[in-house]
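I have placed the structure first, in the form of structure tokens, so that the comments after it can refer back to it.
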Amino acid sequence: MSDIEIPESHPRYQSLLTRHRIEEGVENGITSKQGLIAQGRGEAFDYLLGERTIPSADEAERVAAAYLLLADHPVISVNGNVAALCPEEMVELAEAVGADLEVNLFNRTDERMEAIVSHLREHGAEEVKGLTADGRIPGLDHERAKVDSDGIGSADVVVVPLEDGDRAEALGEMGKTELVIDLNPMSRSAQTATVPIVDNVIRALPNMTKHARDLNGASREELEAIIDAFDAEAALEAAERAIRGGDID
Ligand code: ATP
């Protein structure tokens, strides 16, 4: 698959590997060229965060796991960057919490939709939604509004990694609980989220799965208590402080 060998001892190993996966995603028709720009933006924020999961993000990941376990119909939205970076991790989280996977693209083309669906199947996904596109998110233009009515259309809780701000706002207006993974705490998506997770998706997804497994036997009351104790604004402020070089509490 890969023609580039990155030595694991390289100090920027993870970052280079991530970059390489996105490049491959573009070559394989999974990631759009715009996805390269989003990747660059994400890298800059990750660098400022010290390329690690800060404590407030770890807490947000646990809260997100609690929301997913309590959900009636959770859906994980997949775009071209996430599909290229961490397909297996997405399938694992979906399995751990009983969520659907749905492909949702900013620049939607049939070719890219199908390439991503096949890619996810190759990485263990059984059912992948998004191709039916018989539902709409109100308030968005035609192509970007498309969803499956038995997927995101009827979901109560949606995981949205690297979502664009407009769509995140429109989903919020539909009353969905949004668990947003975005390295930029100032992005509209993070600001709109019920649970903003300011972390790299490659670290956030496996950590959400780990938390979901740990919380698997927890009662409804325990899960609700975890959710009630969470303060989204405080999480965003903690991430901003970490980026500005302050305390990371
Ligand atoms: P806004 O929400 O402010 O409208 P946008 O629509 O302009 O943002 P994009 O340019 O589409 O946002 O970028 C997507 C977002 O995803 C950026 O905020 C970027 O920091 C974030 N991002 C990119 N790569 C990753 C990653 N690997 N993990 C988490 N977040 C990432």
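Just so you know, ligand 1 is whichever comes first in the structure, and atom 1 is the first atom listed for that ligand. Side chains included, hydrogens not; waters and symmetry mates left out as well; all remaining heavy atoms used.
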**Value rounded to 0.5 Å, distance of CE in Met208 from OH in Tyr67** = 12.5 Å
**Request:** Could you list the atoms of ligand 1 found under 4.0 angstrom from a heavy atom of Gly42?
**Result:** 19 (C), 20 (O), 22 (N), 23 (C), 24 (N)
**Asked** By number and element, which atoms of ligand 1 are closer than 4.0 Å to a non-hydrogen atom of Leu85?
**Response** 27 (N)
**Message:** Can you report which non-hydrogen protein atom sits closest to atom 27 (N) of ligand 1, along with the distance?
**Reply:** Asn200 OD1, 2.9 Å
**Prompt:** Contact between Asn81 and ligand 1, counting heavy atoms under 4.0 Å?
**Reply:** no
**Item:** N or O contact, Arg41 vs ligand 1, cut-off under 3.5 Å
**Value:** yes
**Item:** Under 4.0 Å to a heavy atom of Ser187 - the qualifying atoms of ligand 1, by number
**Value:** 2 (O), 3 (O)
**Message:** I'd like to know whether Glu127 forms a salt bridge (charged side-chain N to carboxylate O under 4.0 Å, His left out) with Lys129, so could you lay out the CA-CA distance, the side-chain angles of the two residues, the decisive distance to 0.1 Å, and finally the verdict.
**Reply:** CA-CA 7 Å; Glu127 204 200 336; Lys129 294 192 163 51; 3.3 Å; yes
**Item:** Transitive ILVMFWY side-chain link Leu205 to Val128, under 4.5 Å
**Value:** yes
**Side-chain donor-acceptor pair present, Asn207, Arg62, cut-off under 3.5 Å** = no
**Prompt:** When you check the side-chain N and O atoms of Asp100 and His73, is any donor under 3.5 Å from an acceptor?
**Reply:** yes
**Prompt:** Nearest to atom 29 (C) of ligand 1, what protein heavy atom do you find, and at what distance?
**Reply:** Asp199 O, 3.4 Å
**Request:** Quick one: look up the protein heavy atom nearest atom 3 (O) of ligand 1 and list residue, atom name and how far away it is.
**Result:** Arg188 N, 3.3 Å
**Heavy atom of the protein closest to atom 18 (O) of ligand 1 (residue, atom name, distance)** = Asp182 OD1, 2.8 Å
**Item:** Proximal atoms of ligand 1 relative to Asn184 (non-hydrogen, under 4.0 Å)
**Value:** 18 (O), 20 (O)
**Item:** Protein heavy-atom partner closest to atom 23 (C) of ligand 1 - residue, atom, separation in Å
**Value:** Ala38 O, 3.0 Å
**Message:** Polar contacts were defined as any N/O atom of the residue lying under 3.5 Å from an N/O atom of the ligand; does this apply to Leu183 and ligand 1?
**Reply:** yes
**Item:** Close N or O approach (Glu163, ligand 1; < 3.5 Å)
**Value:** no
**From CG (Asn81) to CZ (Phe106), nearest 0.5 Å** = 12.5 Å
**Request:** Measure across Val160 and Leu171 and return the closest heavy-atom pair with its distance rounded to 0.1 Å.
**Result:** CG1-CD1, 4.0 Å
**Request:** Consider every N or O of Leu162 and every N or O of ligand 1, then say whether any pair is closer than 3.5 Å.
**Result:** no
**Prompt:** Do Val201 and Val198 share a hydrophobic cluster, counting only Ile, Leu, Val, Met, Phe, Trp and Tyr and linking them when any side-chain heavy atoms are less than 4.5 Å apart?
**Reply:** no
**Cluster check Val91, Val97: I/L/V/M/F/W/Y, side chain < 4.5 angstrom** = yes
**Request:** State whether the shortest distance between N or O atoms of Val201 and N or O atoms of ligand 1 falls below 3.5 angstrom.
**Result:** yes
**Request:** Mind checking the CG-CD1 spacing from Leu101 to Ile76? Nearest 0.5 Å is all I need.
**Result:** 5.5 Å
**Message:** Any nitrogen or oxygen of Gln39, side chain or backbone, less than 3.5 Å from one on ligand 1?
**Reply:** no
